[in-house]
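Quick note on labels: first sequence line is chain A, next is B, and so on, each numbered from 1.
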There are 2 protein chains.
Amino acid sequence: MTVTLADVAARAQVSPATVSRVLNGNYPVAASTRERVLRAVDELDYVLNGPASALAAATSDLVGILVNDIADPFFGIMASAIQAEIGGPGGRAGGERLAVVCNTGGSPERELTYLTLLQRQRAAAVVLTGGAVENEPHAAAVAAKLRKLGEAGTRVVLCGRPPAPETGAIALTFDNRGGGRELTEHLIGLGHRRLGYIAGPEERTTTRHRLEGHRAALAAAGIEEDPRWTVHGRYDRRAGYEATLELLRRDPSLTAVVAANDSVALGACAALRESGLRIPEDVSVAGFDDLPFSIDAVPALTTVRLPLAEAGARAGRIAMGREEPPPGGIATVRGELMVRGSSGGPRG
Amino acid sequence: MTVTLADVAARAQVSPATVSRVLNGNYPVAASTRERVLRAVDELDYVLNGPASALAAATSDLVGILVNDIADPFFGIMASAIQAEIGGPGGRAGGERLAVVCNTGGSPERELTYLTLLQRQRAAAVVLTGGAVENEPHAAAVAAKLRKLGEAGTRVVLCGRPPAPETGAIALTFDNRGGGRELTEHLIGLGHRRLGYIAGPEERTTTRHRLEGHRAALAAAGIEEDPRWTVHGRYDRRAGYEATLELLRRDPSLTAVVAANDSVALGACAALRESGLRIPEDVSVAGFDDLPFSIDAVPALTTVRLPLAEAGARAGRIAMGREEPPPGGIATVRGELMVRGSSGGPRG
DNA sequence: AGCGTTACAGCAAGCGCTTTCTATCCAATG
DNA sequence: CATTGGATAGAAAGCGCTTGCTGTAACGCT
């Protein structure tokens, strides 16, 4: 029914071995023979059987990309950049590799499941994007998995995630702490003394680091933080909306709201507006990531730009072995403060 | 080096066949034996070899999802919904399936390449999302590929894309024409007579259908369209920004701008604002899709909501054989007009 | 007690490809 | 002219798993 290598071989009057070599192009084959084989492939409309080839060669051309939420442009942009680097040449048959984007939904279990699935497929490489869950048993399980993958020859790269010691994984870490600090320093510099903070979900490295940066800035300025000023929630606009109303209820005198990311900040803006507060005259707002839509907010969002596409591209190249890993296997990617209309001096 | 089925079998004192059956759970195995095998699997930390299994069973647990742009939430949302339905139970070993999200970047060649790659991997199903390229040779090539995939047992589902006759593919088509018409009718009802239209890239079904709907509404209202009122561009904010400046240059008297989608509309808003025009007092703006950020635009965007997540979920279930395909293999998914602040009566 | 069943378990034959080792041919060399 | 070696091509042994078919015990029935 389906065309196999043997069929092509028969048609081209050569042995299966020769056809395989023509297709993989890693062994000398006379030009005339090659041409005959290629013609047969074409005539029969032959398509290599991936699993069989992977089994025989003990490697596959799958590359896994783990993301927390594929519907979030933060991950979409990174995934896109990673994938663009993966498709390129440098591999076997045609050099095409299949990027597998896996959506963990932020769930530790699914993350582990996907890692196992990828291990099962003998993936050529795996890139994990975004923050990790800070839960000891889970973190250990993931680390163990990464180590196994590495031992099996799968290249593991972390993009926008803290290093995973002893796993052999290359890490391109975002400087969330530094960015968070810079952002809050900017607000403090503007004169703000009462700042609300809408943090992401607890138990996530990204959440913690950004919050730590914020607090470091407060501490450095001698501002004592009121516990009521911090609210946790998911990384989406809805959470930002609700958290802002909560913050306003707890302390109506806040003059600035710092959000865990841009989507959250957008929700915060909506809540403030509905509460009759002007941005930035009454309350300043700041986000994080600088996603494409942030500049279209009204007023445009002050935020910290993360070079998502650049970092993703680099991670992709490293995963494909087309770029040297950073010394020590760890590199820190810094963000850049983008001051725009949503932040200004406090009222009064 | 790596643990194989045989190792597990030896450890559990059974034959490899038995281990395989325990793992696949599709053949009676005595409880005591099963337990022994499972323990051995656990102790040896055995992970099934996907390729080998796929080869022997002649099926794989990969499901392909083709998207035009993974960084665009339009696709991210659909992909996320599809994937959520795919992960579920109902399959082999653990019922886990690996969703492969492939980013075609809107390129016909890459689309074909990915389809071949998926065919090579003997994917269990393939879901193609978003509009198709309207280019005869390419369309024919894709159709042929889809037919082949179908013949090889791969279930093919189109989500948000026109039907592909004679390919056996199930189609969940968005009613772009109807949505576009309704949107423009709304604007006309408001009193607009001079409407600019920022269309997507040419040669795409989505672009054409939305534009056709727009024109049908104009025609029905007896409005003669000025060719200067239509500009083509990519489906992103930047294109919307530039196209709007161009429209304004061509005809400063426009009172409304209809964009191909929400991102484009956001860019249009930015351009209008920078040109000193108020929305909607001076110019009304409308988008399409109703992506999450649209409601946060200021003013909130009037648009057509497409049930992306629902359609994706349904496509995913159909792809997994967990839901009956629609009669005739074709279903039309309608959009819903969302009237918000960005549209109002024309000035004067 | 004898026999048909039922419920498991194992054998062994592939699945379609890669790759090592070996064979062949022919040009170049002494 | 015999010999050596480079360039190709083929034979065949797997890669690790699934599954049809073949036992074989234990069970229930008459």
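- Minimum atom distance to the side chain of A:A56 is reached by C:dG16, of the listed C:dG16, D:dC17, C:dT19.
- Listed pair B:S15 / C:dA9 fails the phosphate criterion, with no side-chain N or O lying under 4.0 Å from OP1 or OP2.
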Side chains of residues 98-106 of chain B: which donor-acceptor partners sit under 3.5 Å, not counting sequence neighbours?
from, atom 1, to, atom 2, distance (Å)
B:N103, ND2, B:N68, O, 3.4
B:T104, OG1, B:V67, O, 3.1
B:T104, OG1, B:N68, OD1, 3.3
B:T104, OG1, B:G106, N, 3.1

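- Taking side-chain N and O atoms only, A:T18 has a distance below 4.0 Å to OP1 or OP2 of D:dG10.
- Spacing between atom CG of B:L5 and atom P of C:dC11 amounts to 14 Å, rounded to whole angstrom units.
- For D:dG16, the OP1/OP2 oxygens have no side-chain nitrogen or oxygen of B:T4 closer than 4.0 Å.
- Taking atom CD on B:Q121 and atom P on C:dC15, their separation rounds to 20 Å, with Å as the unit.
- As a whole-Å value, the separation of B:N26 CG from D:dT18 P is 9 Å.
- Nucleic acid contact for B:A17: base, since at least one base atom lies under 4.0 Å from a heavy atom of the residue.
- Residue whose closest nucleotide on DNA chain D sits further toward the 5' end, between A:V14 and B:A52: A:V14.
- Distance B:L44 CG to D:dG16 P: 15 Å, rounded to the nearest Å.
- Side-chain proximity of B:L55 to the nucleotides D:dT8, C:dC15, C:dA9 is greatest for C:dC15.
- Spacing between atom CZ of B:R120 and atom P of C:dG16 amounts to 16 Å, rounded to whole angstrom units.
- Atom pair B:Q13:CD and C:dA9:P shows a separation of 13 Å (rounding to whole Å applied).
- In this model, the phosphate group of D:dG16 is not approached by any side-chain N or O of B:S53 to a distance below 4.0 Å at OP1 or OP2.
- Of the candidates D:dA9, C:dG10, D:dC17, D:dA9 carries the atom nearest the A:T33 side chain, counting heavy atoms from C-beta on.
- A side-chain donor-acceptor contact under 3.5 Å links B:D72 to the backbone of B:F74.
- Between the side chains of B:T113 and B:T116, no donor N or O sits under 3.5 Å from an acceptor N or O.
- Side-chain N or O atoms of A:R36 include one that pairs as donor or acceptor with a backbone N or O of A:A12 at under 3.5 Å.
- Using a 4.0 Å cut-off, no side-chain N or O of B:N49 falls inside it from OP1 or OP2 of D:dC15.
- When rounded to the nearest whole Å, the span between CZ of B:R21 and P of D:dT19 equals 10 Å.
- The CZ atom of A:R36 sits 8 Å away from the P atom of D:dA9 (whole-angstrom rounding).
- In the interface, the side chain of B:Y27 is not paired with the base of C:dA7 through any donor and acceptor atom under 3.5 Å apart.
- Residue pairs meeting the salt bridge (Lys or Arg N to Asp or Glu O under 4.0 Å) criterion with at least one member in residues 148-172 of chain B, sequence neighbours excluded, are A:D45-B:K148, B:E111-B:R161.
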